[in-house]
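Okay, structure first, notes after.
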Amino acid sequence: MTQPTIPRPMISLQSVSKRFGSFVAVDAATFDIAPGEFFSLLGPSGCGKTTLLRMIGGFERQSEGDILIDGESMGIRPPNQRPTNMVFQSYAIFPHLDIAENIAYGLVNRDLDKATIAKKVAQALEMVRLEGLGNRRTNQISGGQRQRVALARAIVCEPKVLLLDEPLGALDKKLREEMQIELRQLQKSLGITFIFVTHDQEEALSLSDRIAVMARGKVLQIDTATSLYERPNCREVAGFIGNMNFFEGRIASIANGVAAVEIGPGQHVRVSAGSGSAPGQAAIVAVRPEKIDAGATQPQGNGAATANVIKARALAGSYLGDRSLVLAEWREGTAPISVSLQNRKTLATASPGSIAGTDSVATGAPIWITWPIEAGVLLNS
Amino acid sequence: METIRKHLNLLSLFAVLYLAFLYVPVLLLPLFSFNDNIYVTLPFKGFTLKWYSNLLANSGLQSALWASVKVGVGVAVFSTFLGLLAARAMTRYRLPFRRSLYALIMLPLVIPYMVIGVSTLVILRRGFDMDLSLWTVGASHVLITVPLSMLVLMARMEGFDRSLEEASRDLGDTAWRSFRRVTLPLVMPGIVSSLLLCFITSFDEYLLAFFLAGSEATLPIFIFSSLRFPSKIPDVLALGSLILMVSIVLVVFAEWLRRRGVSGSDSSVI
């Protein structure tokens, strides 16, 4: 994987691996994180994202490789000697201390006088909007407030890097969305590098400057949210983030940077091809459901020349309010194509035969699936 | 409805009888300790404090009490210390042979004290040619109380989130400071429970003390030997009442400590 090199990275992972017995939890992770970046580690549970985070924080010792923070090798330094702080998944609020004592916990280890500590704690409480709650006991505050205490307790130590282990996982949906916005604003205003572990792709896409997608201990792709979604580099990333239709086949020809992929006997779809592709290769064409259009009549005119057209049979349609989902079978024995249609038309303007809701998709009726050539992505199979 | 109510009444009756069975004998002890009669029988003959004043004069009893307190306190502190180390090792580290080690430490709980007593006696006298003393009694009591202590403390250590200790390291604590600032305060209720449990176990243990005590008797041994002399029994009642009072104060104090230490969300064991 080639990455644009970052001139002075805040974090530099150099083939960092972690093995538990014969199980490889993290496999030679190598990448850089820029100062002030909001960087997410995204993947299904058990993909090694938390283990990687814990190695950066010093809670797990890497089996191989080294981690550099701000140019300094961390080696096997314990957590208390690293310029990182962590917001734990369980928040790990000390139950025997009150809120202010929790926030002051790390400051007590510094050479600071009492007045300075009190001032910093007050500032931190203000920053996470918990003014006046310093004397509360930890069981007297809500989940969202506990989350903020954990955040304040870490940030008050002014780390170079803040590590966040699924910090919003325990909150309900509404609170989580509020905290996402707050987290992002906080990160912007402080300028601290954030490394954020999550299995929630929407959360990762909306918050992060860049995202590393992981699976089975491997880093599959590191990119911005848009690039990950629009230009996934492999089937796994494409399938993990959002929904994706896959057409497996073989490259028949390449002309002017456009490959024709044979996906069935005599059936070709066209897709933009990179320099690495050659005729004869097995390949997968991936298309997002919302990039596909579906109609009850065969498309005519010049639109058809720059688009892929597949004739299919409607299997099912479901009306979801803002959009409709249509499943269409284009060949027996392959996964049906899923099409997401925006319901832009009103009932009055919807033309007869158009698919604006479930009732207009008759099961078994023929429909025409079309998408522009540039909407597809060519993946190695 | 009717049958349910009937069942409830039977259940409450059972509960009352059960509690009476448990506690009435214990409550009779202080009552008879004020009775002006050398025999422990009804009806009460009159109020007296002479058994309590007898206690002050009974030097044998006093030295036995003192011996038991010394052994009990020593055993409680030492066993709890060992129990704390063992519990930490069991809950925080991946030990080889963890289960076997655990079983080995727990074993004295299920071996009859008689067997432990005899075998320890043989080994100490024949094997090491040691004189019997309160030390040998204490050693055997440590053997039987370490598993108790470890059980109590393991439950306590497993009961709190491990990331609390990690968080303290993350916030700049060394391993030792983290233990002092986080682990110890959170385990404290368990430590208090363990100290009490070990002390009480040692304090009224008879069999091992009987085998392993030298010339100095512990309290249970002294009491058992007193039972042969009817005139000594009221003294024992007075002493029992005092011990009962001290135990109640201790238990209330421990409970108060526990509630004060960790309130609400984090409930303690025992």
Side-chain angles (χ1 to χ4, degrees), chain A residues 20-21 50 53-54 56-60 77-98 101-112 136-141 143 146 149-159 161-167, chain B residues 84 87-88 91-99 153 155-194 254-270:
Chain A
F20 296 106
T50 295
L53 189 79
R54 289 171 60 80
I56 298 173
F59 300 105
E60 303 277 357
R77 274 199 221 177
N80 54 321
Q81 291 170 23
R82 295 188 183 217
T84 58
N85 280 110
M86 179 118 143
V87 176
F88 290 83
Q89 189 172 12
S90 62
Y91 308 150
I93 309 282
F94 303 120
H96 57 299
L97 303 176
D98 69 20
E101 287 167 338
N102 259 284
I103 294 175
Y105 194 97
L107 296 174
V108 174
N109 285 331
R110 310 266 174 92
D111 220 3
L112 296 172
R136 291 273 185 97
R137 297 206 63 95
T138 54
N139 55 359
Q140 292 172 325
I141 58 171
R146 293 171 78 83
V149 173
L151 199 59
R153 186 179 69 182
I155 286 175
V156 84
C157 295
E158 294 162 3
V161 180
L162 187 71
L163 310 172
L164 302 105
D165 187 6
E166 307 226 12
Chain B
L84 186 64
R88 186 169 166 81
T91 54
R92 292 293 183 269
Y93 301 103
R94 291 171 197 220
L95 296 175
F97 312 111
R98 182 179 177 276
R99 295 171 77 90
L153 292 169
R156 187 72 207 166
M157 285 203 168
E158 273 164 359
F160 75 83
D161 184 1
R162 188 175 301 197
S163 56
L164 289 171
E165 287 169 336
E166 289 181 345
S168 81
R169 298 298 311 276
D170 187 59
L171 293 165
D173 278 353
T174 57
W176 166 242
R177 252 180 95 76
S178 162
F179 181 76
R180 228 185 51 210
R181 289 179 78 192
V182 173
T183 316
L184 214 51
L186 290 175
V187 177
M188 197 41 90
I191 292 178
V192 172
S193 301
S194 161
E255 182 62 17
W256 176 77
L257 253 190
R258 184 178 78 75
R259 292 192 182 194
R260 197 173 138 271
V262 181
S263 49
S265 63
D266 197 345
S267 70
S268 124
V269 197
I270 299 188

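Reminder, nothing fancy here: chain letters follow the sequence lines and each chain counts from 1. For the numbers below, each heavy atom of this structure counts, side chains included, while hydrogens, waters and symmetry mates do not. Because the structure is a prediction, the values reported are computed rather than measured.
For the set Gly57(A), Ala150(A), Ser90(A), Gly58(A), the count of heavy-atom pairs under 4.5 angstrom toward chain B peaks at Ser90(A). Interface remark: of the candidates Arg54(A), Gln140(A), Arg110(A), Arg54(A) forms the most heavy-atom pairs closer than 4.5 Å to chain B. Counting heavy-atom pairs closer than 4.5 Å to chain B, the top residue among Val156(A), Val108(A), Val87(A) is Val108(A). Heavy-atom pairs under 4.5 Å with chain B were tallied for Gln89(A), Gln81(A), Arg153(A); the largest tally goes to Arg153(A).
Ile93(A) touches chain B through its backbone: at least one of N, CA, C or O sits under 4.5 Å from a heavy atom, while the side chain does not. Residue contact with chain B, scored on non-hydrogen atoms closer than 4.5 Å, involves the backbone and the side chain of Phe94(A) alike.
Residue Arg82(A) holds its CZ atom at 10.5 Å from CG of Asp170(B), rounded to the nearest 0.5 Å. Atoms CZ and OG, on Phe59(A) and Ser163(B) in that order, are 9.0 Å from each other to the nearest 0.5 Å. To the nearest 0.5 angstrom, Glu166(B) atom CD is 6.5 Å from Met86(A) atom CE.
Annotation: Phe20(A), atom CZ; neighbour count of heavy atoms from other residues, nucleotides and ligands within 6.0 Å is above 12.
A heavy-atom distance below 4.5 Å is not found between the side chains of Pro95(A) and Asp161(B).
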Could you walk me through whether Asp173(B) and Asn80(A) satisfy the side chain to side chain contact (heavy atoms under 4.5 Å, CB included) test, starting with their C-alpha distance in whole Å, then the side-chain angles of each, then the deciding distance to 0.1 Å, before giving a yes or no? CA-CA 6 Å; Asp173(B) 278 353; Asn80(A) 54 321; 5.7 Å; no
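A donor-acceptor contact shorter than 3.5 Å links the side chain of Arg181(B) to the backbone of Tyr105(A).
Shown here for Leu171(B) and Asn109(A), the closest heavy-atom pair between the two residues is O-ND2, 3.1 Å.
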